[in-house]
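Here is the naming used below: chain letters follow the sequence lines, and residue numbers restart at 1 for every chain. If you're wondering where the values come from, they're calculated on a predicted model, not measured in any experiment.
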Amino acid sequence: AQSVAQPEDQVNVAEGNPLTVKCTYSVSGNPYLFWYVQYPNRGLQFLLKYITGDNLVKGSYGFEAEFNKSQTSFHLKKPSALVSDSALYFCAALNTGGFKTIFGAGTRLFVKA
Amino acid sequence: GAGVSQSPRYKVAKRGQDVALRCDPISGHVSLFWYQQALGQGPEFLTYFQNEAQLDKSGLPSDRFFAERPEGSVSTLKIQRTQQEDSAVYLCASSPRPVSWDDNSPLHFGNGTRLTVT
């Protein structure tokens, strides 16, 4: 079965420190990969996506993600965390030619001032 | 409006009641998706529409779930004879183009409808 795994339920980081939210995928072929963020009582918002090309993808709000094909990983990173980054983050994969975007279970990020 | 709109925002139903959840996608968006998000989980795919055509309904959990998009814009997800396990947030998402081999458009999500079945 195809799946996306986010091994950490929660990540805690101090403001100003770098952050990493991990994601690995098990999807056949060369899927498109996405990160979405969900704030309380809000829908998911698109952050960034990987299609092909550079393994480091830059997205909204200073976030970036590193694609590693051999490890089937797509980790979300930010060099300097802000308190306002505190939210729920979802990694997702879309198999080329398919209709279903598959989501991980989410990682809650807490940034402490 | 500028975004995907869902109504109602919250719905409480007694077990056995029928419910209807509405989604207004971004104007002109061809693709429309319904997802179910249980507490503490990521969204799970339910169904996909390309305009008015329902191309994939493989994620609908049972024949009590029915979705339609008759004019290719507004969509309704209907759940008949609701059960407690149906309690979840139902998310609607749209994207501008049809899903295809070379399409990688991100999804634009609404705020969801939180359904509680008592």
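- For B:F49, no part lies near chain A; criterion is any non-hydrogen pair under 4.5 Å.
- For the residue pair A:K49/B:S105, the side-chain donor-acceptor check at 3.5 Å is not satisfied.
- Counted within 6.0 Å of OH on A:Y61, heavy atoms from surrounding residues, nucleotides or ligands total 12 or fewer; the atom is thus considered open.
- Residues B:L55 and B:Y35 are members of one and the same hydrophobic cluster, defined by side-chain heavy-atom contacts under 4.5 angstrom among Ile, Leu, Val, Met, Phe, Trp and Tyr.
- Residue contact with chain A, scored on non-hydrogen atoms closer than 4.5 Å, involves the side chain of B:R9 exclusively.
- In terms of non-hydrogen atom pairs under 4.5 Å with chain B, the most contact-rich of A:L44, A:L88, A:I102 is A:L44.
- Summarising the local packing, CD of B:Q50 is surrounded by more than 12 heavy atoms from other residues, nucleotides or ligands at distances under 6.0 Å.
- Counting heavy-atom pairs closer than 4.5 Å to chain A, the top residue among B:G40, B:P43, B:G112, B:S31 is B:P43.
- For B:Q37, the part lying near chain A is the side chain, with the backbone staying farther off; criterion is any non-hydrogen pair under 4.5 Å.
- Two different hydrophobic clusters hold A:F110 and A:L19 under the rule that ILVMFWY side chains link at heavy-atom gaps under 4.5 Å.
- Note on B:I26: it does not cluster hydrophobically with B:L32, by side-chain heavy-atom contacts below 4.5 Å among ILVMFWY residues.
- Other residues, nucleotides and ligands contribute only 12 or fewer heavy atoms inside 6.0 Å of the CZ atom of A:R42.
- Judged by distance alone, the side chain of B:D56 and the main-chain N or O of A:F99 form no donor-acceptor pair under 3.5 Å.
- Not a single donor-acceptor pair under 3.5 Å links the side chain of A:Y32 to the backbone N or O of B:P106.
- Contacts of A:Q38 with chain B are made by side-chain atoms alone, with heavy-atom separations under 4.5 Å and no backbone atom involved.
- Heavy-atom contacts from other residues, nucleotides or ligands closer than 6.0 Å to CD of B:E85 number more than 12.
- Taking the centre of each ring, B:F109 and A:Y36 come in below the 6.0 Å mark.
- Hydrophobic clustering (side-chain heavy atoms under 4.5 Å, transitive across Ile, Leu, Val, Met, Phe, Trp, Tyr) groups A:L47 together with A:V57.
- Taking CG of B:L107 as the reference point, atom CZ of A:F103 lies at 5.5 Å (rounded to 0.5 Å).
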List the steps and the verdict of side chain to side chain contact (heavy atoms under 4.5 Å, CB included) for A:T101 and B:F33. CA-CA 10 Å; A:T101 298; B:F33 306 80; 5.8 Å; no
